[in-house]
There are 2 protein chains.
Amino acid sequence: MMGVIGPEVVSDVDFDLRRLRYFVAVAEELHFGRAAARLHIAQPALSRQIRALEDALRTALFVRDRRTTVLTAAGEQLLADARDLLAAAEAAHRRVTAAAEAKPVLTVGFMPASWSPRRCECWSATGRTSASG
Amino acid sequence: MMGVIGPEVVSDVDFDLRRLRYFVAVAEELHFGRAAARLHIAQPALSRQIRALEDALRTALFVRDRRTTVLTAAGEQLLADARDLLAAAEAAHRRVTAAAEAKPVLTVGFMPASWSPRRCECWSATGRTSASG
DNA sequence: AGAAATTACGTCTTCCGTAAAAATA
DNA sequence: TATTTTTACGGAAGACGTAATTTCT
């Protein structure tokens, strides 16, 4: 499905964070059985979700070689990005929780590896004393 | 729900990208009706999803003042993070698609505003000619 | 009354787990 | 035949829309 119409044409990236977690598990294990066990779900459910992800991306992520499971180039790219995305989501969750408690937020230099910068300097320290109503 | 058990205790960040999009719409419009129209869904559905998001985060995101809708401090934080997360997801989608087509990927300096760096230098240029099997 | 958000309810899609099937060494 | 993944099927959870409800100006 596409984002639709008007000034708002979002590409509607259809990967769920849950699906991304599933994908990372399979990509790391390279074995649907072990990945399913690690995720505490049944194998068929995992297989379906991975296929659904591939369909949504319109891109093959694994090469199922009958006996072996290997990542495609797209799969390798997604593995890197998925890890970053999940980490970013978790970090966001922490920041939101912290903001709710009106605690000062300290952001330390951080950057996803997939952006592979040649050089990067980045830091910040934001102290906020509860200024909310 | 928590990630569960063993060496893998993921905090199970429960925000869906779809819910995040819904949230951004409301946060930008500060009006459930307009936001729902913009998202092409009904108002109640949107209201429920926002509440579900707040429940999942265990954090209030809006102050519903009957007549007005305002962001909480946590809401403001999430707005910034959500935009970055959605942008990152979209970028990841593009990179994955590009990788699938074995095109060289050019990453230009980019950094979410929410990390509010005092100073940041960051660039990279990765050329990859189809080396996949 | 009028406007804005939430709850109630019925429906439809999606997701999961168990069981069976396909495919390969 | 054993192992790994995928399809089939029935049940549970989630999400949406329409309609009714609450609350404040």
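Throughout, protein chains are lettered first and strands after them, A, B, ... in sequence-line order, and every chain is numbered starting at 1. Since the model is a prediction, treat every value here as computed from it, not as a measurement.
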Salt bridge (Lys or Arg N to Asp or Glu O under 4.0 Å) against A:R64, all qualifying residues, sequence neighbours excluded: A:E54
Those residues that, when tested against A:R48, pass side-chain hydrogen bond (donor to acceptor under 3.5 Å, both in side chains) (two or more places apart): none
Sequence-distant partners of B:R18, side-chain hydrogen bond (donor to acceptor under 3.5 Å, both in side chains), two or more places apart: B:D16
Atom pairs under 3.5 Å, N or O on each side, protein against nucleotides 23-25 of chain C: can you list them with distances?
| residue | atom | partner | partner atom | Å |
| --- | --- | --- | --- | --- |
| C:dT24 | OP1 | A:R66 | NE | 3.0 |
| C:dT24 | OP1 | A:R66 | NH2 | 2.9 |

B:R18 vs D:dC16: side-chain N/O to OP1/OP2 distance below 4.0 Å: yes
Side chain to side chain contact (heavy atoms under 4.5 Å, CB included) assessment of B:T97 paired with A:L57: CA-CA 7 Å; B:T97 301; A:L57 265 53; 5.9 Å; no
Interatomic distance where CG belongs to B:D16 and P belongs to C:dC15 [whole Å]: 10 Å
Distance in angstrom units between B:L53 CG and D:dA15 P, rounded: 12 Å
OP1 or OP2 of C:dC16 under 4.0 Å from side-chain N/O of A:Q43: no
Residue pairs, two or more places apart or on separate chains, that pass ring pair (Phe, Tyr, Trp, His ring centres under 6.0 Å) and touch residues 52-83 of chain A: A:F23-A:F62
Nearest-angstrom distance from the residue atom CD of A:Q49 to C1' of D:dT7: 15 Å
For A:R34, all residues meeting salt bridge (Lys or Arg N to Asp or Glu O under 4.0 Å), sequence neighbours excluded: A:E29
A:L78 reachable from A:L30 in the ILVMFWY side-chain graph, under 4.5 Å edges: yes
Phosphate-side-chain proximity, A:T69 and D:dT5, N/O vs OP1/OP2 below 4.0 Å: yes
Interatomic distance, B:H31 NE2 vs C:dT6 P [rounded to whole Å]: 12 Å
Residues forming a ring pair (Phe, Tyr, Trp, His ring centres under 6.0 Å) with B:Y22, sequence neighbours excluded: none
Those residues that, when tested against A:R94, pass salt bridge (Lys or Arg N to Asp or Glu O under 4.0 Å) (two or more places apart): A:E90
d(CZ, A:R19; C1', C:dC15) in whole Å: 9 Å
Sugar-phosphate, base or nothing in reach of B:A42, heavy atoms under 4.0 Å: base
Phosphate contact (D:dC16 OP1 or OP2) by B:Y22 side-chain N/O below 4.0 Å: yes
Detail all sub-3.5 Å separations between protein N/O atoms and N/O atoms belonging to nucleotides 7-11 of chain C.
| residue | atom | partner | partner atom | Å |
| --- | --- | --- | --- | --- |
| C:dA8 | N6 | B:R48 | NH1 | 3.4 |

Spacing between A:L46 atom CG and C:dT14 atom P, to the nearest angstrom: 19 Å
Euclidean distance, atom CZ of residue B:R34 to atom P of C:dA3 [Å, nearest integer]: 14 Å
Separation of atom CZ in B:F62 from atom P in C:dT6, rounded to whole Å: 10 Å
